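To start, the structure itself, in C-alpha cells.
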There are 2 protein chains.
Amino acid sequence: MPQKGKPTGRRSETTKAAILAAARQHFAASGYERATIRIIAADAGIDPAMVMRYFGNKEKLFAAAAEFDLRLPDLAAVPRGTVGSVLVGHFLDRWESDDTLQALLRAAVSYKVAVTRLRAVFATQVMPAVAPLCKDRATAATRIGLVATQMLGMALCRYVLRLPPVVSLDRAAVIRWLAPTIQRYLTAGP
Amino acid sequence: MPQKGKPTGRRSETTKAAILAAARQHFAASGYERATIRIIAADAGIDPAMVMRYFGNKEKLFAAAAEFDLRLPDLAAVPRGTVGSVLVGHFLDRWESDDTLQALLRAAVSYKVAVTRLRAVFATQVMPAVAPLCKDRATAATRIGLVATQMLGMALCRYVLRLPPVVSLDRAAVIRWLAPTIQRYLTAGP
DNA sequence: CGTATATGTCAACGGCTGTTGGCCATTACG
DNA sequence: CGTAATGGCCAACAGCCGTTGACATATACG
C-alpha cells in the first residue's frame with residue numbers, strides 16, 4: 001500500500017492535490033470561465049485529460065476546489081465587547097491565507113453553482129456560529145446578513161476590485177474601523 | 001435630416017439604442033464573458049454583424065454600455081446629520097433603477113476593463129462629491145473607501161449574491177441600519 | 001429616375017473551449 | 001518474470017466564440 005488508501009494507485013494523490021492547488025489559484029485569479037482546464041493542467045504540470053479522469057468535468061473540479069472551512073472560532077469564549085474585532089481579524093486571516101474564498105467570490109458573480117455554494121457557507125457556517133450571540137432569535141438572521149454585507153464588501157474592495165484607499169489600509173486599521181460596525185449590527189437595538 | 005444629426009443615416013440611432021439596452025441587460029445578468037454578442041444581438045432583434053458595425057468590437061460595446069453617471073446629489077445642501085441616510089437612499093435608488101451598475105460590478109470581477117472603469121467612477125464621481133464633507137484632507141480617501149466597502153457590500157449581497165436575509169430587508173430598514181455606519185465612517189474620529 | 005449610401009442579412013473563418021478515446025510507460029503483484 | 005492495472009500523453013471531436021467580408025435591400029438625394 002503506497003500512500004493513503006482510497007485508490008489502490010501509486011502517486012495519484014500528489015497529482016490530484018497539484019491540480020486542486022492550481023485550480024484554486026486560477027479560479028481565484030480569473031473567475032470560473034477564464035480559468036481554463038488547459039491552463040490549470042499546464043500549471044499543475046500535467047495533461048488536461050488527467051483533470052477529467054480525476055474530477056469528471058469542470059463543474060466537479062470547481063466543486064472540489066471550492067470546498068472549504070471558514071474555521072470560525074468559538075465565539076462564546078471571547079469577551080462580549082471584543083467579538084467585533086475578533087470576527088474582523090479572523091476574516092482577514094482566512095481571506096489572506098486561503099485562495100478558496102476569493103475563488104468562491106469571483107466565480108459566484110457569474111456562476112450559479114458558486115453562488116449556491118457561497119449561500120451554503122453563509123447558512124451552514126456563519127449563521128450557526130454567530131447566531132448564539134444575538135439575544136432575540138427574530139432579528140438574528142438580519143443582523144448576520146448585515147455583517148456579511150460589511151465583511152464581503154471589504155473583501156470585494158480590498159482583494160478583488162483593489163480600490164487604492166482600501167488596499168492601503170493596514171490590518172490594524174481595518175479592524176479599528178470595521179469592528180464597531182460589526183459590533184453594532186450584532187448587538188445594537190433594532 | 002431624419003432624426004438627430006450625428007450619422008446622416010435614417011434609423012441607426014434606434015437600433016444602436018436597442019443594442020445598448022440589450023447589452024446592459026445581459027452584462028448585468030450574466031457578466032462579461034457569458035453575455036455573448038450573438039445573444040445580445042438576438043435580444044435586440046438584429047444580426048450580430050450589426051453590433052460590430054456600430055461598436056467595433058465587444059470591448060468597445062462594453063465600454064459604451066458601461067458608461068454611466070452616479071448622479072450624486074449636492075451633499076453640501078443636506079443637513080449634517082442626515083448625510084448618511086441621503087447617501088444610502090440615493091445608492092439604493094441608482095442601483096435599482098439602472099442595470100449599468102450591476103453590469104459594471106458583475107463584469108469587474110473578471111474583466112480588467114470593467115474594474116478599471118469602476119475605479120474611475122469611484123475616483124471621479126464618488127471622491128469629489130463626498131470629500132468636501134470630510135474635515136481633514138488626510139483621512140478623506142480612507143473614509144470614502146470605507147463607505148465604498150459598505151455600499152458595494154450591500155449591493156453585492158442584495159443584488160448579486162441574493163443572500164436571503166439581505167434581500168428581504170425593505171428599503172427603510174436598509175437605510176436605518178446602514179446610515180449610522182456611513183455617517184460614522186465620514187465623520188467619526190480617527 | 002438613377003445612383004450612392006446607409007441598413008441589414010448570410011455564410012464562413014480561425015481560434016479556443018470542454019471533453020473523449022486510444023496509445024505508451026511505469027509500477028505493483030502473482 | 002509476466003501480467004494486469006495504473007498514471008500519463010496525444011490527437012481529435014463537436015460546439016461556441018468574436019469577427020469578417022460579400023451580398024441584398026431600402027432609403028435619400030442629384
Side-chain angles (χ1 to χ4, degrees), chain A residues 1-23 26-27 29-66 103 107 110-114, chain B residues 1-23 26-27 29-66 103 107 110-114:
Chain A
M1 240 152 287
Q3 283 187 323
K4 287 292 172 56
K6 283 202 296 189
T8 67
R10 207 176 32 101
R11 82 185 64 189
S12 71
E13 292 294 329
T14 303
T15 303
K16 226 172 151 178
I19 296 174
L20 272 182
H26 279 98
F27 282 138
S30 320
Y32 184 77
E33 26 271 327
R34 291 182 124 87
T36 316
I37 288 194
R38 282 173 161 88
I39 292 182
I40 292 172
D43 206 62
I46 45 96
D47 192 90
M50 296 305 296
V51 178
M52 309 307 293
R53 202 198 287 275
Y54 285 135
F55 295 95
N57 57 31
K58 189 179 181 181
E59 182 165 322
K60 291 179 187 169
L61 169 65
F62 179 83
S110 64
Y111 181 47
K112 267 192 167 188
V113 172
Chain B
M1 240 153 287
Q3 285 186 320
K4 286 290 173 59
K6 282 201 298 189
T8 66
R10 207 177 32 100
R11 84 184 64 192
S12 71
E13 292 296 328
T14 303
T15 304
K16 227 173 152 179
I19 295 174
L20 272 183
H26 279 99
F27 282 138
S30 320
Y32 184 76
E33 27 271 326
R34 292 181 122 89
T36 65
I37 289 193
R38 284 174 159 87
I39 292 181
I40 292 171
D43 205 64
I46 45 97
D47 192 89
M50 295 304 296
V51 178
M52 309 307 294
R53 200 196 290 277
Y54 285 136
F55 294 95
N57 56 29
K58 190 180 180 180
E59 182 165 324
K60 290 179 188 170
L61 170 64
F62 179 82
S110 63
Y111 182 46
K112 268 192 164 186
V113 172

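Owing to the predicted nature of the structure, the values given are computational and were not obtained by experimental measurement.
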Trace of the side-chain contact (heavy atoms from CB on, under 4.5 Å) decision for A:V51 with A:I46: CA-CA 8 Å; A:V51 178; A:I46 45 96; 4.1 Å; yes
Close residues, residues 50-57 of chain B, relative to DNA chain C [heavy-atom separation under 4.0 Å]: B:M50, B:R53, B:Y54
Check each residue of residues 29-47 of chain A for a non-hydrogen atom within less than 4.0 Å of any atom in DNA chain C, then write out the ones that pass by number, or none. A:T36, A:I37, A:R38
Taking only side-chain nitrogens and oxygens of B:S12, does any of them come within less than 4.0 Å of OP1 or OP2 of C:dA6? no
Hey, does the side chain of A:T15 come within less than 4.0 Å of D:dG8's phosphate (OP1/OP2), counting only N and O? yes
Quick one: pull up OH in A:Y32 and NZ in A:K112 and give me the separation to the nearest 0.5 Å. 14.0 Å
Under the side chain to side chain donor-acceptor pair (under 3.5 Å) rule, collect the residues that match up with B:R38, sequence neighbours excluded. none
Taking atom types as modelled, is there a side-chain donor on A:S110 or B:E33 under 3.5 Å from an acceptor on the other? no
For [X], enumerate each residue passing the side chain to side chain contact (heavy atoms under 4.5 Å, CB included) test, keeping only those at least two apart in sequence or located in another chain.
X: A:A18; result: A:A44
X: A:A65; result: A:L20, A:A23, A:R24, A:F27
X: B:A66; result: B:F62, B:L104, B:R117

For atom CZ of B:F27 and atom C1' of D:dG18, their distance in whole Å: 12 Å
For A:K58 and C:dT17, give me the distance from atom NZ to atom P, rounded to whole Å. 9 Å
Minimum heavy-atom separation for A:I40 to A:I19, with atom names? CG2-O, 4.0 Å
